[in-house]
Amino acid sequence: MTGGTPVAGETLPGAGGGDDDADRVVCHVDMDCFYASCERLRRPDLAGEPVVVGMGYEPGESIGAVATASYEAREFGVESAMPISEALELLPRRADADPDDPDAPDPEETGRYLPVDLDFYEDVASEVKEVLRDCADTRREVSIDEAYLDATDRTSWAVAGGGGGSPSDGGDGDDGDDSTDPPPSGAAGPAEARTLAEGYARHVKDRIEREAGVPASVGVAPNMSAAKVASDADKPDGLVVVPPGSVAEFLAPLPTADVHGVGPVTEGTLAELGIETAGDLAAADRDRLAAELGERGPELSRRAAGDDDREVTPTGLPKSLSRESALPTTADEPTKRETVSALAADVARRARERGCLYRTIGIKAVEPPFDVNTRARSLPGPVDDPDLVEEVALDLLGEFDETRVRKLGVRVSKLDFAETDQATLGGFEPGDGPGDRSDGAADRPRGSVGRTAGTDGDGGKLTDWVDGEPTADGDATGNEAERRTGDGQASLGDWS
DNA sequence: TCTGGGGTCCTAGGACCC
DNA sequence: TCTGGGGTCCTAGGACCC
């Protein structure tokens, strides 16, 4: 490690100075084109074929987009999030390849298009999850196909015993001496000196493939953001090990866009500042970055330098639930209202399934070309009330009665998973004026009802109600509520 | 390239309170 | 009636991620 680059987070072996963070072993597991892999799992004939899994392409022309493209399909230029129509141009469907039609696409240049089947993917994901549960106690499941593991208590950065680079097959964890010099191995290449961490990661990867039947790429590093980048560095089927001490070197040459959190906009802003690589970003003046990008700027710089002390923590409960759907651009009011009603019902149903109350209801209306409008209204207190979701959503939609939209959405937020007493807010009228509050407020503290209409000088403060669990009432829905909450917790944020 | 669906976090301005 | 400062909540929009 003679390169002049100061390596963030490097610690001396014996120096227990506060943070021995550098010794953490964090694994990032990222399934390879997961949806396509799942489809292949149940349809082995798709092996080696370009496979495109899309949403909404079915009805013909389609307003759909590519959810996942297999690596074979990517070779034709098909990418995630690409409109299906475009994907079809790059890679026609197999079904369209008619050998008798001279105008039909060459069968060699076609792929398979399949509609998403989330339920099935979730089944596969839960098998993957079982493996992960077995492999690490500390996990964060980020999405259906991605997770972080903190394996510090299962393995280490010590060099594996026996001099050899003999590719042992996963998990024969004979640990050798305790010599803890982290191998200064090339980050992405096969390490000359294998660490126990590498063996561990290979074991995880192999088990996933063996037990769930789908391939994963794994990155191992002393922190989350480096592990994330590592898992991405050699996809598909990659295993990239970045030992402590080589994190900064590993990151430095990568384009800024490879840093987690740098999207197209930030990439552009950075480029204007002459910052092209993670190394540039790491070395950039952080005050300047803060001025250009806000607090995010310095944070990205730290990440780019390999400095990330976030702990691997389990995913918490969701903050919002939403549903949206695209439609052929229309200004037709009944169509819009019907759409919103259906979305509202669905969101409310999901909220109830998960045993959560919500205090804010909102809509989204996207105007062509892509102008996103959101409107939201908060209620005096958390509710579980499908009719109210619909009512408020439709009321908010009123502002867009004349508007041509291409997409509509409904969202509930300010979720409350605590107790599910009092599921409905009786008598609340979305548009009601201050005069309206006499009836209906039944079990609500009055005054706050209708506050969203603006003008009432309400006496009972919102927080009084929210904090103060409206005096134990005998509605006895408690049991069910509790059960629902339990279920919700178990099924949220994880892969089930 | 005319862009699906489900999320997260951050920022900025305004209302309101003390 | 020309005016300070701090804090919280709300809404809207934006960037990003998978």
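Each chain gets a letter, A, B and so on, in the order its sequence line appears, and its residues count up from 1. Predicted, not measured: the structure shown is a model, and the values here were computed from it.
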Exercise. Looking at CG of A/Leu91 and CD of A/Glu72, how far apart are the two atoms once the value is rounded to the nearest 0.5 Å?
Worked result: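 The CD atom of A/Glu72 is 10.5 Å from CG of A/Leu91, to the nearest 0.5 Å.
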Exercise. Hey, what do you get for CG (A/Asp307) to CG (A/Asn223), rounding to the nearest 0.5 Å?
Worked result: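 Answer rounded to 0.5 Å: 7.5 Å.
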Grab the [atom1]-[atom2] distance between [X] and [N] for me, whole Å please.
X: A/Arg310; N: C/dC17; atom1: CZ; atom2: P; value: 12 Å
X: A/Leu300; N: C/dC16; atom1: CG; atom2: P; value: 9 Å
X: A/Asp371; N: B/dC2; atom1: CG; atom2: P; value: 18 Å
X: A/Leu396; N: C/dT11; atom1: CG; atom2: P; value: 10 Å
X: A/Glu86; N: B/dC2; atom1: CD; atom2: C1'; value: 10 Å
X: A/Glu399; N: C/dT11; atom1: CD; atom2: P; value: 13 Å
X: A/Met82; N: C/dC18; atom1: CE; atom2: P; value: 18 Å
X: A/Asp32; N: C/dC18; atom1: CG; atom2: P; value: 14 Å

Exercise. Does the side chain of A/Glu292 come under 3.5 Å of the side chain of A/Thr269 through a donor N or O and an acceptor N or O?
Worked result: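 No - no donor-acceptor pair under 3.5 Å links their side chains.
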For this session: Please determine, by modelled atom types, if A/Arg140 and A/Thr315 share a side-chain donor-acceptor pair under 3.5 angstrom.
Result: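 No donor-acceptor contact under 3.5 Å links the two side chains.
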Problem set entry | salt bridge (charged side-chain N to carboxylate O under 4.0 Å, His left out) involving A/Arg207 - partner list, sequence neighbours excluded |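 In terms of salt bridge (charged side-chain N to carboxylate O under 4.0 Å, His left out), with neighbours along the sequence ignored, A/Arg207 is linked to A/Asp134, A/Glu211.
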For this session: Would you indicate whether A/Arg350, at its atom CZ, is surrounded by more than 12 heavy atoms from other residues, nucleotides or ligands within a distance under 6.0 Å?
Result: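 Yes, enclosed.
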Problem set entry | side-chain contact (heavy atoms from CB on, under 4.5 Å) evaluation trace for A/Leu90 with A/Met82 | CA-CA 11 Å; A/Leu90 292 165; A/Met82 173 180 283; 3.8 Å; yes
Seminar exercise, completed: Reading nucleotides 3-10 of chain B from 5' to 3' and marking B where a protein heavy atom lies under 4.0 Å of the base, S where only the sugar-phosphate is that close, and - otherwise, the string is SBSSSSS-
Problem set entry | Dot-bracket encoding per residue of DNA chain B, Watson-Crick/G-U cut-off under 3.5 Å, | denoting interstrand | ....||||||||||||||
Problem set entry | Nearest-Å distance once atom P is located in both C/dC18 and B/dT3 |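 Approximately 23 Å lies between the P atom of C/dC18 and that of B/dT3.
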Exercise. For A/Pro368, which contact category applies under a 4.0 Å heavy-atom criterion: base, sugar-phosphate, or nothing?
Worked result: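 Nothing, no nucleic acid heavy atom in range.
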Exercise. After noting the C-alpha distance and the side-chain angles of A/Arg375 and A/Phe400, does the key distance pass the side-chain contact (heavy atoms from CB on, under 4.5 Å) rule?
Worked result: CA-CA 10 Å; A/Arg375 296 294 180 270; A/Phe400 301 95; 3.8 Å; yes
Exercise. Any side-chain N or O of A/Thr266 under 4.0 Å from OP1/OP2 of C/dC16?
Worked result: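 Result: yes.
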Exercise. Does A/Arg139 count as lying over the ring of A/Tyr148, i.e. NZ or CZ under 6.0 Å from the six-ring centre, within 45 degrees of the axis?
Worked result: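 Verdict for A/Tyr148: no cation-pi partner in A/Arg139.
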